[in-house]
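For clarity, every value in this text was computed on a predicted model and none was experimentally measured. Lettering of chains follows the sequences in order, A, B, ..., and the numbering in each one begins at 1. All values below were derived from every heavy atom in this structure, side-chain atoms included, with hydrogens, water molecules and symmetry-related copies excluded.
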Amino acid sequence: MTRLALGLLLVLLAVAMPPAAPRHADVTLVRVRTAQAVDHPASVLWVLCLGSDARPGERLTGTRADAIQLVGLNLRTGAGTMIGIPRDSYVEIRGHGRDKINASMFYGGPQLMADSVSRLVGVRPDYVFTTGFLGFRAMVRAIGGVTVHSRFAFSDPVRPQGYHVGANRLNPFQALIFGRVRHPLPRGDFDRSGNQQELLRSILREVRGHRSRPGFMEHGVLAAVRNLDTDLNPAQLYRLAQAVVSLRPERLRGCVVTGPTGYAGAASVVYPDVAQARRLGDDARRDGTLDHGCRQG
Amino acid sequence: MRHAAVRRTTDPSRHRLHGRPQGLPRALVAGLLVLAATSACTSDPSGRAAPGRTPTTASPTVRPRPSAPQRTAVTHVAGTLAPRSRAVLARNVGRTLSAYADEAFLRVPYPHPGLAHAFGAFTERVRPQARRDSRLLTNAALARSTRAVRATHRTAYLSVLAPHGRVAGVTAAVDLVLLVDRGRKAGRRVHLAGRMLLTRTPSGRWAVFGYDLHRSERPVAARWSAS
């Protein structure tokens with residue numbers, strides 16, 4: 001039966017289609033080739049992304065930073081590195097002695113925060129972006145939510161079904177909580193920093209997935225203009241955003257600076273492994289890419 | 001990155017191109033052919049012959065038509081932009097995109113050895129990469145066998161970032177359909193579509209600082225060039 005049908009089809013084709021006649025089908029299978037490039041002044045960028053814990057009415061850059069991620073981006077290769085720094089890292093802050101690294105923001109705003117991070121990791125960021133709770137939620141809302149791949153299952157009142165291991169579609173508030181909780185996570189602050197990196201990756205995935213939708217990038221950048229504290233003008237921010245979107249999320253690798261925990265007076269702190277932080281910085285400084293593992297020896 | 005895609009043919013001019021005009025008296029057709037054989041052909045809507053273009057062997061063709069004009073419109077604004085400013089922006093960005101299509105495909109003396117000026121509408125830093133992508137972004141791959149190129153469809157819909165009423169950046173969703181006449185060889189229908197990212201240069205003109213484009217080609221049977 002199949003052979004008969006196939007034979008009939010071939011006969012029909014032979015009769016219906018003159019061998020040398022040009023034919024124009026309504027549906028065609030074509031090979032599509034693509035090309036893409038974005039011009040940005042630097043091929044490797046380092047961006048310090050800060051999540052401020054400012055409450056409504058407080059100045060964004062005058063409080064402590066809850067989330068600290070130093071992100072290296074190689075715009076030529078599409079690869080990148082995220083170096084997470086626990087907010088309780090006990091370090092030397094220029095002009096203020098030893099304190100938790102997130103106090104740098106309170107003492108001297110984004111500039112001093114960048115200074116403390118660069119002293120720890122050995123890489124000076126080109127840009128510092130700071131956002132708060134409301135700003136972060138507004139930006140996630142602008143892109144329609146995110147899908148994170150969680151390594152841990154945990155519960156929180158903002159998400160009645162809980163956070164599962166694997167893919168979780170999150171609304172803006174749930175995304176904020178995913179990047180903030182630490183008590184249910186096995187390694188507390190270190191795993192929270194890992195979750196923040198997954199959030200950054202998920203935002204990039206989401207934006208890349210929709211970047212061709214008319215107006216999507218423009219509305220996203222407008223949300224960033226309104227909710228980020230940055231000294232870049234909107235045109236520079238637009239070009240930076242278009243360049244960052246050319247990165248591939250699967251090539252965005254994350255490491256967290258680790259170290260033993262303890263107390264400095266009454267405060268619970270992390271004594272960061274400075275040697276590890278420096279090795280990560282040395283590895284990724286020039287090309288924004290980690291060639292070795294997170295522990296690096 | 002390469003894709004194979006099923007694409008529905010949407011070119012409305014396709015049916016007009018194929019075969020000889022129906023219903024025309026033979027004498028008129030013959031007259032057109034004589035005209036076609038003796039006049040220089042250009043894809044330039046102004047009718048100006050491109051410099052260096054030389055007539056080649058005459059052959060039966062249909063009457064050439066001018067390229068479709070560039071149509072540009074602002075469709076999305078993030079922020080605020082007055083209607084009058086939208087019109088001005090569409091005109092200025094349209095000029096930049098037109099300049100690119102002209103230099104990369106249309107107003108080029110064919111056949112020619114290169115497309116050195118194809119990326120004058122691009123920022124300096126993106127030009128080297130664009131040159132590396134010139135087989136996709138220009139008619140370089142077909143240039144040696146090309147006699148003329150005509151655009152049948154040229155649109156750009158603009159998404160604009162305009163915080164505080166001032167334009168900070170533009171994404172143009174471009175769609176360009178070209179017919180390439182290659183003399184005795186089968187002609188090509190080239191479809192170039194995707195996004196072009198534009199920024200304002202210090203001199204005030206709009207320039208392409210990034211692109212994300214895909215190109216497909218398929219053969220077409222008829223010749224339309226009269227040169």
* Asked: Got a second to check how far B/Leu198's CG is from A/Gln242's CD, nearest 0.5 Å?
  ->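 Going from CG on B/Leu198 over to CD on A/Gln242, the span is 10.0 Å.
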* Spatial distance of atom CG (B/Leu197) from atom OH (A/Tyr238) [nearest 0.5 Å] ->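 Between B/Leu197 CG and A/Tyr238 OH, I get 5.5 Å after rounding to 0.5 Å.
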Around atom [atom1] of [X], are there more than 12 heavy atoms from other residues, nucleotides or ligands closer than 6.0 Å?
X: A/Arg286; atom1: CZ; value: no
X: B/Arg200; atom1: CZ; value: yes
X: A/Arg226; atom1: CZ; value: no
X: B/His117; atom1: NE2; value: no
X: B/Arg71; atom1: CZ; value: no
X: B/Arg166; atom1: CZ; value: no
X: B/Tyr157; atom1: OH; value: no

Per-residue contact mode, [X] against chain A (heavy atom under 4.5 angstrom):
X: B/Thr199; result: side chain
X: B/Val160; result: backbone
X: B/Val77; result: backbone

Show the nearest heavy-atom pair for residues [X] and [Y], with the distance to one decimal.
X: A/Val221; Y: B/Leu161; result: CG1-CD2, 3.5 Å
X: A/Pro234; Y: B/Pro163; result: CB-CG, 3.6 Å
X: A/Glu218; Y: B/Ser159; result: OE1-CB, 3.4 Å

* To do: Report yes if some heavy atom in the side chain of B/Asp212 is under 4.5 Å from a heavy atom in the side chain of A/Arg211; otherwise report no.
  =>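 Side chain of B/Asp212 against side chain of A/Arg211, heavy atoms only: contact under 4.5 Å found.
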* Asked: When only pairs under 4.5 Å are counted, which of B/Arg195, B/His164, B/Gln129, B/Glu124 shares the most heavy-atom pairs with chain A?
  ->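 It is B/Arg195.
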* To do: Quick one: which of B/Val170, B/Leu137, B/Leu192, B/Val208 has the most heavy-atom pairs under 4.5 Å with chain A, could you say?
  =>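 Option with the top pair count is B/Val170.
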